[in-house]
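Convention: sequence-line order gives letters A, B, ...; per-chain numbering from 1.
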There are 2 protein chains.
Amino acid sequence: MSDKTTRDLIVEAADRLFYRQGYEHTSFADIADAVRISRGNFYHHFKTKDEILDAVIGARLDGTRSMLERWTIEGKGPADRIRSFIHILVANQTEIMRHGCPVGTLCSELAKLGHASQAEATKLFTLLRTWLRRQFALLGREADADTLAMHLLARSQGIATLANAFHDEKFIKQEVKLMGDWLRSCADGSVSQPKRTNRRRASG
Amino acid sequence: MSDKTTRDLIVEAADRLFYRQGYEHTSFADIADAVRISRGNFYHHFKTKDEILDAVIGARLDGTRSMLERWTIEGKGPADRIRSFIHILVANQTEIMRHGCPVGTLCSELAKLGHASQAEATKLFTLLRTWLRRQFALLGREADADTLAMHLLARSQGIATLANAFHDEKFIKQEVKLMGDWLRSCADGSVSQPKRTNRRRASG
DNA sequence: GACGAATTAGGACAGTTGTCCTAATCTTGC
DNA sequence: GCAAGATTAGGACAACTGTCCTAATTCGTC
């Protein structure tokens, strides 16, 4: 606790502020005030605002990686692990209603700013995408694992965006339940490909 | 064409710039340059930046209203009208990949800024929500029309966010097809409530 | 206890922002 | 062709931005 370096404190505060206020709308002064540090001191730890952003993205990547690792170990099966992912929406619903999804809103903002770290932020999505893909593959859906992963990611994003816009808590619960149903139908292999094409079972 | 007032030109340019660069990241100078007008002249038409934002949101509301009206008249049935909505993602896929959804990204940004016009921007969503709700009701889904409308809205938002982050064109097509399948199953009344509860047919 | 390095504080700096003023120009009705 | 209003141009203004410098302080090591 007390062994956190000033640098860590800065990254933490910046992370929180970037999420709540957005990257551009957060100034050096805002972060300095939050950490209770002089503005000048700042320069010693980070030369530019972009450097802080990169550090924040890096910290989020680390955090996401260890979260996924935890779920991979804890979870009994792939379906339960995917449920852990879906559960983020419920666990963080208050913050999501207030500020949206930390990943989605950051990527959107950086895209608008034409910021160089846009690709780095997208890695946050890629991390989740890759992990989800693996879980769906383990669920016996190797053939369309990536499609399913992206589908789930997209639905989560949409839920966060609308929950934020409407400040609607019940909506999150509603949609989370639908995603649970959908996930169950994925494991069955029942729905999700409703068109009657000549279906080809995955060989493995 | 030539009868557009300077005010209209400003709103148009601001609309485009707010979409591409974000509201905060767009300065008076940016808009003035785009309209080829002196910065001072600006003040005569809009006292503050917030006023421009309100005018832009108003213009978008008008545009959305007339678009929905057109669809309501044109469309053969409610299903086709909903398909018109889904088709926006395909028609605007290039812009969406570049800048996301104009509505979703604006609402997200204003939420972060804590901007007073946040509620006004959300009306853009409400417009679509209400219209979609009516179409689903006409489709025989009065009971859960609003849930279905929000669901479709959320999925569109998610698609836009991820398409923007990954710059993935195929993903949009993929998800649009899935939404088409889903819509068909809505009209059937077949899926969408996969849980085997004691199902109760809507009386109407 | 002293020395060198790491850390901190305070402020300077030029550039940009939104806002606002004033004077010139154009348009319109008579 | 002229007066009155609308529109435009150009720039002033204070506040804030990210960046950077220098001097003071703290810290670990001998």
Item to check | With sequence neighbours excluded, residues passing ring pair (Phe, Tyr, Trp, His ring centres under 6.0 Å) with A/Y19 | outcome: A/H99
Checklist outcome for this item: From CG of A/D30 across to P of D/dT17 the rounded distance in Å is 7 Å
Checklist outcome for this item: Whole-Å distance, B/D8 CG to D/dT7 C1', equals 15 Å
Item to check | Minimum-distance nucleotide to B/T48 side chain [options: D/dT17, D/dG18, C/dT19] | outcome: C/dT19
Checklist entry - Looking only at heavy atoms, what is the nearest atom pair of B/L139 and B/P78, with distance? => result CD1-CG, 3.6 Å
Checklist entry - Are the charged groups of B/E12 and B/K4 less than 4.0 angstrom apart, N to O? => result yes
Checklist outcome for this item: Distance col, row B/L162:CG vs A/H151:NE2, nearest 0.5 angstrom, shows 11.5 Å
Checklist entry - Does the side chain of B/Y43 get closer than 4.0 angstrom to OP1 or OP2 of C/dT19 through an N or O atom? => result no
Checklist outcome for this item: CG of B/N41 to OG of B/S38, rounded to nearest 0.5 Å, is 5.0 Å
Checklist entry - Between B/F42 and B/F28, how do the two ring planes meet: parallel, tilted or perpendicular, split at 30° and 60°? => result tilted
Checklist entry - Would you say the side-chain atoms of B/W131 and B/T72 include a donor-acceptor pair closer than 3.5 Å? => result yes
Checklist entry - Hey, what do you get for CZ (B/R141) to CG (B/L148), rounding to the nearest 0.5 Å? => result 5.0 Å
Between protein and nucleic acid, restricted to nucleotides 8-11 of chain C and to nitrogen or oxygen atoms under 3.5 Å apart, what atom pairs and distances do you find?
residue, atom, partner, partner atom, Å
C/dT8, OP1, A/T6, OG1, 2.9
C/dT8, OP2, A/N41, ND2, 3.4
C/dT8, OP2, A/H45, NE2, 2.8
C/dT8, O5', A/N41, ND2, 3.0
C/dA9, OP2, A/S38, N, 2.9
C/dA9, N7, A/S38, OG, 3.4
C/dA9, N7, A/N41, N, 3.4

Item to check | DNA chain C contacts made by residues 17-28 of chain B, counting heavy atoms under 4.0 Å | outcome: B/T26, B/S27, B/F28
